[in-house]
Asks: 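First, the structure itself, so that you have it in front of you.
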Protein chains: 2
Amino acid sequence: MNTLEKVQNNLAKFSKSERKVAEVILASPQTAIHSSIATLAKMADVSEPTVNRFCRRLDTKGFPDFKLHLAQSLANGTPYVSRHVEEDDSPESYTTKIFESSMASLDTARQSLDIAAVNKAVDILTQAKTISFFGLGASSSVAHDAQNKFFRFNVPVICFDDVLMQRMSCINSNEGDVVVLISHTGRTKSLIEIARIARENGAAVIGITARNSPLSLECTLPVTMEVPEDTDLYLPMASRLAQLVTIDVLATGFTLRRGPRFRDNLKRVKEVLKESRVNKDLTI
Amino acid sequence: MNTLEKVQNNLAKFSKSERKVAEVILASPQTAIHSSIATLAKMADVSEPTVNRFCRRLDTKGFPDFKLHLAQSLANGTPYVSRHVEEDDSPESYTTKIFESSMASLDTARQSLDIAAVNKAVDILTQAKTISFFGLGASSSVAHDAQNKFFRFNVPVICFDDVLMQRMSCINSNEGDVVVLISHTGRTKSLIEIARIARENGAAVIGITARNSPLSLECTLPVTMEVPEDTDLYLPMASRLAQLVTIDVLATGFTLRRGPRFRDNLKRVKEVLKESRVNKDLTI
DNA sequence: TTGGGTAATGTAATTTTATATCAGAAGTCA
DNA sequence: TGACTTCTGATATAAAATTACATTACCCAA
């Protein structure tokens with residue numbers, strides 16, 4: 001809870017002197033955070049230890065720590081939080097909400113992402129003979145994105161939208177092949193089957209999906225994360241963003257693992273592509 | 001300006017030792033605000049006065065004052081700053097950097113997004129006879145995403161990756177048609193031509209692109225934003241995320257504008273889709 | 001009331017933390 | 001190289017916060 005509110009709400013629980021301190025702070029919080037304990041004590045007409053005790057009562061470590069908390073609560077604006085779009089939101093309002101919710105989701109995704117798994121995935125990818133990216137529905141665009149990225153690394157990349165093609169591709173997979181399956185819920189039946197098929201053929205199966213989902217259990221290496229998704233009315237968005245960024249992380253890990261010479265090469269390839277374009281611009 | 005960003009942006013202006021301090025703070029701002037000057041100095045492997053000088057260089061009165069400012073900037077919701085991935089980053093480190101940079105970019109995009117244009121775009125989209133989404137390269141996946149979204153609204157949606165198909169489609173466009181062009185730089189020649197063609201045929205041309213770019217000038221309604229993109233070595237990512245979220249904003253505006261009955265309908269359609277699936281899950 | 005006990009508050013000492021001063025080191029340019 | 005500037009850290013000093021302990025105020029039973 002906001003520290004300033006806490007001061008306000010606990011007003012009744014303070015002792016007489018502590019309340020004096022609280023009142024001085026509430027009267028002018030900006031002054032409070034820029035004062036020393038001595039100054040504040042004088043303003044409240046109490047002793048310095050009283051101010052200190054007041055701070056501790058609010059579960060802070062002491063006066064400086066209290067000031068820090070207070071400063072944070074005074075800082076305008078709230079941290080990014082998922083907020084639902086309401087019926088009568090203005091354009092400004094729903095735009096802000098959607099952007100901030102997206103950011104909040106990415107933050108959640110990052111915190112829940114299994115870094116060790118990311119590292120292993122990079123390991124596996126760098127050693128792959130071929131890499132396949134499969135997703136369905138909304139996740140298929142993520143697979144395409146992945147193809148786009150890894151293709152530039154000069155690695156054989158496969159990417160299909162079609163369930164049958166995905167299946168056939170996996171039936172023909174071998175040891176050394178890597179199959180990356182992308183699914184937010186990890187409950188898409190056909191992808192789960194594909195995971196099993198690829199695994200039985202000896203391919204490494206990386207799943208970018210939810211922890212403990214059916215798909216994650218079929219993968220040789222689940223790269224899991226949790227993304228809160230409000231799919232009730234609006235369309236899944238947060239999970240897609242998180243998947244895209246995760247792919248970016250894997251691609252980055254890939255280039256880092258390959259070492260500087262590889263990256264120089266990548267840069268050169270990019271330069272060449274630029275030159276071949278009329279508008280000298282590849283970033284589109 | 002946000003103090004943490006200030007630290008990041010002035011990195012070049014600091015002296016060698018001051019930069020060490022900056023890096024320690026950027027690595028873990030939360031730790032920094034809870035440390036004493038001595039602890040921080042030790043972490044950065046510099047002397048205490050150096051830390052103090054560092055604080056003053058950032059226009060604060062001293063170390064405690066700096067901590068206060070930093071605390072506020074952390075509370076502000078964006079502890080996220082774009083940071084480049086370094087050669088020897090650990091998986092944890094580059095993962096965090098990429099996620100946070102993505103979030104920072106989204107924030108920048110939001111702030112620079114022209115809300116009035118968004119509102120007009122929603123206006124135009126709700127009245128469209130058909131909507132076409134065109135992008136090239138990386139932006140084509142954004143176009144696909146848009147198609148996916150608007151398709152569910154029961155609006156005729158067109159989407160092509162191919163330049164010639166895009167062109168042909170635009171040649172046949174009429175008044176009442178809406179063409180949405182997606183390009184980060186707004187300097188892709190073929191898209192600019194397509195914009196002109198569509199416009200000459202009386203179609204409304206919405207451009208999701210950079211402000212004052214050649215493409216934006218050819219559009220009847222540019223929806224512009226600024227996204228910092230480090231395309232030097234790594235691949236364009238931030239712009240794509242921003243575009244995706246922007247499409248989501250437009251789609252949301254669209255459903256809001258269409259009113260509650262439309263949304264109920266949308267929900268029903270979704271339910272029906274769910275039922276028709278074995279795994280009862282559409283979110284993939 | 002009044003005296004014992006408890007909680008609240010303040011004084012003074014101590015510890016911690018931050019800043020100022022200055023000297024030496026490192027870098028820069030003629 | 002040498003004069004100059006800039007940067008950095010050791011030490012000293014000042015400021016601030018915290019602790020320990022003493023005092024006061026308050027409450028309640030006798």
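As a basis for the values below, the full set of heavy atoms in this structure was taken, side chains included, without hydrogen atoms, waters or symmetry mates. Below, read A as the first sequence line, B as the second, and so on, with proteins coming before strands; counting in each chain starts at 1.
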Asks: So if I take every side-chain heavy atom of B:Asn52 and compare against C:dA18, C:dT11, D:dG9, which nucleotide ends up nearest?
Replies: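 So the side chain of B:Asn52 is nearest to C:dA18.
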
Asks: To the nearest angstrom, how far is A:His34 atom NE2 from D:dA16 atom P?
Replies: 14 Å

Asks: Contact class for A:Val46 (heavy atom, under 4.0 Å): base, sugar-phosphate, or nothing?
Replies: sugar-phosphate

Asks: Checking side chain to side chain contact (heavy atoms under 4.5 Å, CB included) for the pair A:Leu125/A:Val155: CA distance, chi angles, key distance, verdict?
Replies: CA-CA 10 Å; A:Leu125 288 170; A:Val155 184; over 6 Å; no

Asks: Could you state the CD-P distance from A:Glu48 to D:dA16, rounded to the nearest angstrom?
Replies: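 Interatomic distance, CD of A:Glu48 to P of D:dA16: 10 Å.
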
Asks: According to a strict under-4.0 Å criterion, is A:Thr50 in side-chain N/O contact with OP1 or OP2 of C:dG10?
Replies: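 Affirmative; the distance criterion is met.
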
Asks: Would A:Ser36 and A:Thr39 count as having a side-chain donor-acceptor pair, cut-off 3.5 Å?
Replies: yes

Asks: The side chain of B:Lys67 lies closest to which of these nucleotides: D:dT8, C:dA18, D:dA17?
Replies: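 Given the options D:dT8, C:dA18, D:dA17, the side chain of B:Lys67 is closest to C:dA18.
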
Asks: Using whole Å, what does the distance between atom P of nucleotide C:dT16 and atom NZ of B:Lys42 come to?
Replies: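 So the NZ-P distance, B:Lys42 to C:dT16, works out to 13 Å.
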
Asks: Mind calculating the distance between CZ (B:Arg53) and P (C:dA18) to the nearest angstrom?
Replies: 16 Å

Asks: Is the ring pair A:Phe254/A:Phe153 parallel, tilted or perpendicular, if the boundaries are 30 and 60 degrees?
Replies: parallel

Asks: Is any side-chain N of the basic residue among A:Asp123 and A:Lys120 closer than 4.0 Å to the acidic one's carboxylate O?
Replies: no

Asks: If only side-chain N and O atoms of B:Ser15 are considered, is one of them under 4.0 Å from the OP1 or OP2 phosphate oxygen of D:dT6?
Replies: no

Asks: Would you mind reading off the distance between B:Ile33 atom CD1 and C:dT17 atom C1', rounded to a whole angstrom?
Replies: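 After rounding, the gap between these two atoms is 17 Å.
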
Asks: Rounded to the nearest angstrom, tell me the gap between atom CZ in A:Arg19 and atom P in C:dA7.
Replies: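 Rounding to the nearest Å, CZ of A:Arg19 and P of C:dA7 are 18 Å apart.
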
Asks: So which nucleotide from C:dT9, C:dG10, C:dA18 ends up closest to the side chain of A:Pro49?
Replies: C:dG10

Asks: Round to a whole Å and report the spacing from CZ of A:Arg56 to P of C:dT9.
Replies: 16 Å

Asks: Could you work out which one of C:dA18, C:dG10, D:dC26 sits closest to the side chain of A:Lys16?
Replies: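 In terms of side-chain proximity for A:Lys16, the closest of C:dA18, C:dG10, D:dC26 is D:dC26.
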
Asks: Starting at OG of A:Ser35, measure out to NZ of A:Lys67 and round the result to the nearest 0.5 Å.
Replies: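 A:Ser35 OG to A:Lys67 NZ: 7.0 Å, rounded to 0.5 Å.
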
Asks: To the nearest Å, give me how far apart CZ (B:Arg57) and P (D:dT8) are.
Replies: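 Spelled out: CZ on B:Arg57 to P on D:dT8 is 9 Å.
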
